[in-house]
Amino acid sequence: IAANTVINACGALMPVEEVLQMLRGMEAKRHRANRVTVNFVLQLLVKAGRMEDAVELFEDLCSRQRADAVTFGTMANAYGKRRMLEKMEEVVRDAAAVGQVSLPLLNATLDAYGKSGLFGNMENALQRMKSFSVAPDLTSFNILIHAYGMSGMVAEMEATVEGIKAAGLKPDSYTYNILISAYGEAEMPYASMRILQEMQEESLVPDAITYRNLISAFERAGDFLEAARWSMWSKQITQPTM
RNA sequence: GAUCGAUCUUUCUUCGC
């Protein structure tokens, strides 16, 4: 009934316990929580750091064939974020077994391997997408760029940026913010600045993250004057006079 | 029956481990 709506609307503000009780209450009364609601609760548990409860719910859903692509994606990401990579792969296998492998799930695995510095696994995960007949999207590319950038693998990163165009996609604000951060990490702040220009040429609006990344880039390179300059500039931009 | 909308994936910060 309306309990689905209540959970979806208020779930984020309610104690997790209450949400769980409500969900169980619905099951007890044979009111079936819909798939979105169940997935929403699963995500709540994950965000609350209650992996044990999340796993319990997940396994319950699996055993009753009620796990869908979002369910598997949520769990794969949860394990990936915790760097429980073998568990994550189990989820991928489970999802594959029932034909519920999604692009977000695969992207979550890319990110997990990338952030773990396991570039070989990341490449394999990328190749694996083909076997699921899934094409990498812009998020996939952003994940790869971030992974290479944060590890100072500038050549690989730039090759991946080329791949975006080759795939017929266009970089978005995430891409540019990641690149600005990456060149900063590599102590190439003027390359970061170039990226900001490109971003503006594409009519994308730099946000607070953009400026923070650029400021850090100059700070890391020891150019505190330029950093201060951008800091003042960003304050003017992001706090327009009223 | 189809499609769309609410739930999963990527950038800075804070906080946890």
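Here is how names work: the chains are called A, B, and so on, in the same order as the sequence lines, proteins then strands, and each is numbered from 1.
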Review point. Could you spell out the base pairing of RNA chain B in dot-bracket, with Watson-Crick or G-U pairs whose two distances are under 3.5 Å, [ ] crossing and | to another strand?
Key: .................
Check your understanding: When the distance from CG of A:L138 to P of B:U10 is rounded to whole Å, what number comes out?
Key -> 13 Å
**Study point:** Residues within residues 155-167 of chain A bordering RNA chain B, heavy-atom distance below 4.0 Å
**Key:** none
Exercise for review: Go through the structure and list residues passing ring pair (Phe, Tyr, Trp, His ring centres under 6.0 Å) with A:F132, not counting sequence neighbours.
Suggested key: none
Review point. Roughly how many Å is it from CZ in A:R82 to C1' in B:C8, rounded to a whole number?
Key: 14 Å
Review point. In whole angstrom, what separates A:D207's CG from B:U11's C1'?
Key: 9 Å
Exercise for review: Would you mind reading off the distance between A:L110 atom CG and B:U10 atom P, rounded to a whole angstrom?
Suggested key: 11 Å
Exercise for review: State which residues pass side chain to side chain donor-acceptor pair (under 3.5 Å) with A:R50; sequence neighbours excluded, sorted by chain then number.
Suggested key: A:E17, A:D53
Check your understanding: How many Å lie between CG on A:N142 and C1' on B:C12, as a whole number?
Key -> 14 Å
Check your understanding: Any idea which heavy atoms bring A:R128 and A:L106 closest together, and the distance?
Key -> NE-CD2, 4.3 Å
Point to revise | Distance in angstrom units between A:F40 CZ and B:A6 P, rounded | key: 13 Å
Study note, to complete from the structure: Residues at least two apart in sequence or cross-chain that pass side chain to side chain donor-acceptor pair (under 3.5 Å) with A:E123, listed by chain then number, are A:Y148
Output one line per pair: protein atom, nucleotide atom from nucleotides 13-16 of chain B, and distance, for all N/O pairs under 3.5 Å.
none

Review point. Which residues pass the salt bridge (Lys or Arg N to Asp or Glu O under 4.0 Å) test with A:D94, sequence neighbours left out?
Key: none
Check your understanding: Is a donor on one side and an acceptor on the other found under 3.5 Å between the side chain of A:S181 and the backbone of A:N177?
Key -> no
Check your understanding: Less than 4.5 Å apart, any side-chain heavy atom of A:F119 and any of A:M153?
Key -> yes
Check your understanding: Which atom names give the shortest non-hydrogen contact between A:S234 and A:I215, and what distance separates them?
Key -> OG-CD1, 4.1 Å
Revision key, fill the gap. Heavy atoms of A:M122 and A:L110 approach each other most closely as O-CD2, 3.5 Å
Practice item. Flag as yes if A:Y174 stacks onto the base of B:U10 (centroids under 5.5 Å, planes under 30°), otherwise no. Key: yes
Review point. In residues 177-197 of chain A, what residues come within less than 4.0 Å of RNA chain B, judged by heavy atoms?
Key: A:N177, A:I178
Review point. What's the shortest heavy-atom distance between A:L126 and A:P136, and which atoms?
Key: CD1-CG, 4.0 Å
Exercise for review: Identify whether any heavy atom of A:K115 sits under 4.0 Å from a base atom; if not, whether one sits that close to sugar-phosphate; answer base, sugar-phosphate or nothing.
Suggested key: sugar-phosphate
Revision key, fill the gap. Rounded to whole Å, CD of A:Q43 lies from C1' of B:U9 at a distance of 10 Å
Review point. How would you list, by chain and number, every residue that makes a side chain to side chain donor-acceptor pair (under 3.5 Å) with A:Y183, sequence neighbours excluded?
Key: A:E158
**Study point:** side-chain contact (heavy atoms from CB on, under 4.5 Å) partners of A:D111, counting only residues at least two apart
**Key:** A:K81, A:K115, A:I143
Point to revise | Residues in side chain to side chain donor-acceptor pair (under 3.5 Å) contact with A:T175, at least two apart in sequence or another chain | key: A:N142, A:D172
Check your understanding: What nucleotide, of B:C12, B:C8, B:U10, holds the atom closest to the side chain of A:I209?
Key -> B:C12
Study note, to complete from the structure: A:N213 atom CG is separated from B:C12 atom P, nearest whole Å, by 7 Å
Check your understanding: ring pair (Phe, Tyr, Trp, His ring centres under 6.0 Å) with A:F72: which residues, sequence neighbours excluded?
Key -> A:F58
